[in-house]
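Please read these numbers as outputs of a predicted model, since none were measured by experiment. Numbering of ligands and ligand atoms starts at 1, following listing order. Side-chain atoms are counted along with the backbone in the values below, which use heavy atoms only and exclude waters and symmetry mates.
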Amino acid sequence: MSLEHDYKVAISSVLQTTPDKIFLYWKGRVGLFALLKAKNIDNGDEVIMPAFTCVVVPNAVLYTGATPVYCDIDPATLNTTLDIIKKKISSHTKCIIIQNTFGLSSEVDEITSYAREKGIFTIEDCTHGFGGTFNNAPNGSFCDASFFSTQWNKPFSTGLGGIVMVNNPELLQPLIEANKGLIKPKLTKSLMLEILIFFRKNLLNNTTYWFLLRLYRFLSKKGLVIGSSSNDEITSTKIPENYFMASCNTQAKHGINALKHLKPLLVLRYENSIKYNNFLKENGKIFYPENLLQNHSFLKFPVFVKNRNEFIHKAEKQKIQLGDWFVSPLHPLECELTPWKMEMSDFPVAYEKSLNILNLPSDTKEPEKVLQFLSDNINDLLNASNTN
Ligand SMILES: *Cc1c(COP(=O)(O)O)cnc(C)c1O
């Protein structure tokens, strides 16, 4: 059988589904777009989503002609809630996107049952949640369909890559129909991906990290190397050329291999994050309450600092690799958001969180080093009482 089929078998075994319910794409956002197309989401339709997401999510909606309708978030979970969503539902609402944020899909069960009663389609943005569980069921298994990403920093990586899991069988035929429009990636594109994966595996270490990260960002901005997002994609709301792209064998090959190492990685992320959480709690800083821990898979661990740039700078000196999701309610846009139909002042919690957030590495082999760094800079962290 083909590499793609073997990859689908490996994916479906983690997600506890069957390979025929799994579809592969060049990126996660392409899978989302395919789902919206399969549901005939169009001009005049509204799609509900959190105001704390990646700009490529509203972009996929805008490309269909539909309107993104944003919901503010709960500061404890960094996710939106059923109560907030209910207030945003109108006669035009066709779809609700429920996001797994940093590994947590809070209220996904309640939101999905509510939407089902109302006849509204649900998609889980499970780009942070592959391999985790919610109330003991696999992340991604609650909504009508879900999409996953295997981009560099996601639960497992194929460089770039997207997966869709269909849970509602009525969606299978329309999605297969929509997928007929997919463009095959050129051989040069797959080769470039192969080279980038090689570089990352063999040259990326704690010494070269900052240099290579800057180089990659610079080259992908210039369009000289395939990046996660082209410059056009984050400065406009028009669909980029060759957006609707299929996956390739390079992704399948690396995916099969990466999935073999996923279990210990999930354990490491969880154990490190519990250490971070205990530390923050003991020191009166913002932490996750006990009841949220069981359903969290901690792709990254969010912390909130007084001065982000200063904190990043200090961390770099100590060679601590911090992430910067979500520096904006529509990450990574730090500009006027009206072209994306968002008025930032309407989402005070998301906005405030985006000003102070950074992410600790949950997959580090040296959590003590991170804890020591936090301890040395404890006064730079926001107190729990400030925002919780
Ligand atoms: C990464 C990410 C996406 C998009 O995934 P791609 O594979 O890069 O298209 C969507 N939503 C969120 C929340 C993400 O973090």
Side-chain angles (χ1 to χ4, degrees), residues 11 23-36 47-63 68 70-71 73 77-80 96-106 108 123-130 132 139-140 143 145-165 182 185 189 193 196-197 216-217 220 226-230 232-234 239-240 242-248 250-251 254-255 258 297-302 323-333 340 350 353-354 357 359 362:
I11 292 166
F23 299 85
L24 304 173
Y25 301 88
W26 183 250
K27 295 178 187 176
R29 68 197 75 171
V30 181
L32 168 61
F33 183 74
L35 286 169
L36 298 170
V47 177
I48 290 179
M49 66 178 70
F52 198 68
T53 187
C54 190
V55 63
V56 302
V57 175
N59 268 350
V61 171
L62 289 164
Y63 300 161
Y70 301 99
C71 294
I73 55 169
T77 60
L78 304 177
N79 279 322
T80 192
I96 300 172
I97 299 176
I98 303 161
Q99 182 171 291
N100 179 296
T101 306
F102 294 118
L104 179 66
S105 294
S106 41
V108 64
I123 298 176
E124 186 170 350
D125 176 346
C126 212
T127 49
H128 298 187
F130 190 98
N139 283 340
C143 293
S146 49
F147 69 101
F148 303 84
S149 169
T150 55
Q151 183 254 7
W152 303 110
N153 301 304
K154 303 298 160 101
F156 74 96
S157 173
T158 63
L160 302 171
I163 301 164
V164 161
M165 168 164 70
L182 284 166
K189 252 195 146 137
L193 189 62
L196 283 174
I197 294 170
Y216 176 71
R217 284 187 179 162
S220 57
I226 44 174
S228 305
S229 296
S230 65
D232 291 352
E233 221 172 332
I234 50 175
I239 188 161
N242 299 326
Y243 173 80
F244 197 51
M245 194 165 282
S247 68
C248 68
T250 301
Q251 292 165 316
H254 289 282
S297 53
F298 296 107
L299 175 61
K300 290 171 181 280
F301 192 99
D324 68 354
W325 300 346
F326 293 77
V327 296
S328 152
L330 299 182
H331 185 83
L333 298 181
W340 286 270
K353 286 290 177 187
S354 74
I357 197 166
N359 334 136
S362 59

- Here the atoms of ligand 1 under 4.0 Å from any heavy atom belonging to Gly161 are 7 (O)
- Task: Could you list which atoms of ligand 1 come closer than 4.0 Å to a heavy atom of Gln99?
- Result: 13 (C)
- Numbered in order shown, the ligand 1 atoms found under 4.0 Å of a heavy atom of Arg29 are 6 (P), 8 (O), 9 (O)
- So which of Lys154, His331, Lys300 gets nearest to atom 1 (C) of ligand 1, if we judge by its closest heavy atom? Lys154
- Task: Could you tell me which atoms of ligand 1, counted from 1 in the order shown, lie closer than 4.0 angstrom to a heavy atom of His128?
- Result: 13 (C), 14 (C), 15 (O)
- Query: Which residue and non-hydrogen atom of the protein lie closest to atom 11 (N) of ligand 1, and at what distance in Å?
  - Reply: Asp125 OD2, 2.8 Å
- Item | Contact check: Phe326 vs ligand 1, nitrogen or oxygen atoms, below 3.5 angstrom | no
- Note on the structure: At under 4.0 Å between heavy atoms, what of Val57 touches ligand 1? The answer is side chain
- Task: Output the list of atoms in ligand 1 that are nearer than 4.0 Å to some heavy atom of Val56, sorted by atom number.
- Result: 4 (C)
- Query: Taking atom types as modelled, is there a side-chain donor on Glu124 or Ser105 under 3.5 Å from an acceptor on the other?
  - Reply: yes
- Using heavy atoms and a threshold below 4.0 Å, how should the contact between Val30 and ligand 1 be classified: side chain, backbone, both, or neither? neither
- Message: One pair to check against side chain to side chain contact (heavy atoms under 4.5 Å, CB included): Ile48 and Thr80. What are the steps and the verdict?
- Response: CA-CA 10 Å; Ile48 290 179; Thr80 192; over 6 Å; no
- Would you say Lys27 and ligand 1 have an N/O pair spaced under 3.5 Å apart? no
- Message: Can you tell me how far apart CG (Asp125) and CG (Asn100) are? Round to the nearest 0.5 Å.
- Response: 8.0 Å
- Message: Donor-acceptor check, side chain of Asn359 to backbone of Lys300, threshold 3.5 angstrom: yes or no?
- Response: no
- Item | Stepwise side chain to side chain contact (heavy atoms under 4.5 Å, CB included) check, His331 with Val327 | CA-CA 6 Å; His331 185 83; Val327 296; 3.5 Å; yes
- Given side chains that start at C-beta, do those of Phe244 and Leu182 come closer than 4.5 Å, heavy atoms only? yes
- Examine Trp325 against ligand 1 and note whether any of their N/O atoms are separated by less than 3.5 Å. no
- Could you pull out the closest heavy-atom pair between Ala51 and Pro329, with the gap in Å? O-CB, 3.2 Å
- Message: Is there a polar contact between ligand 1 and Gln151, counting only N or O atoms under 3.5 Å apart?
- Response: no
- Item | Protein heavy atom at shortest distance from atom 12 (C) of ligand 1 | Thr127 OG1, 3.1 Å
- Task: Dump the intermediate steps for side chain to side chain donor-acceptor pair (under 3.5 Å) on Thr127 and Ser149, then the final yes or no.
- Result: CA-CA 5 Å; Thr127 49; Ser149 169; over 6 Å; no
- Item | Phe326 ring center within less than 6.0 Å of Phe102 ring center | yes
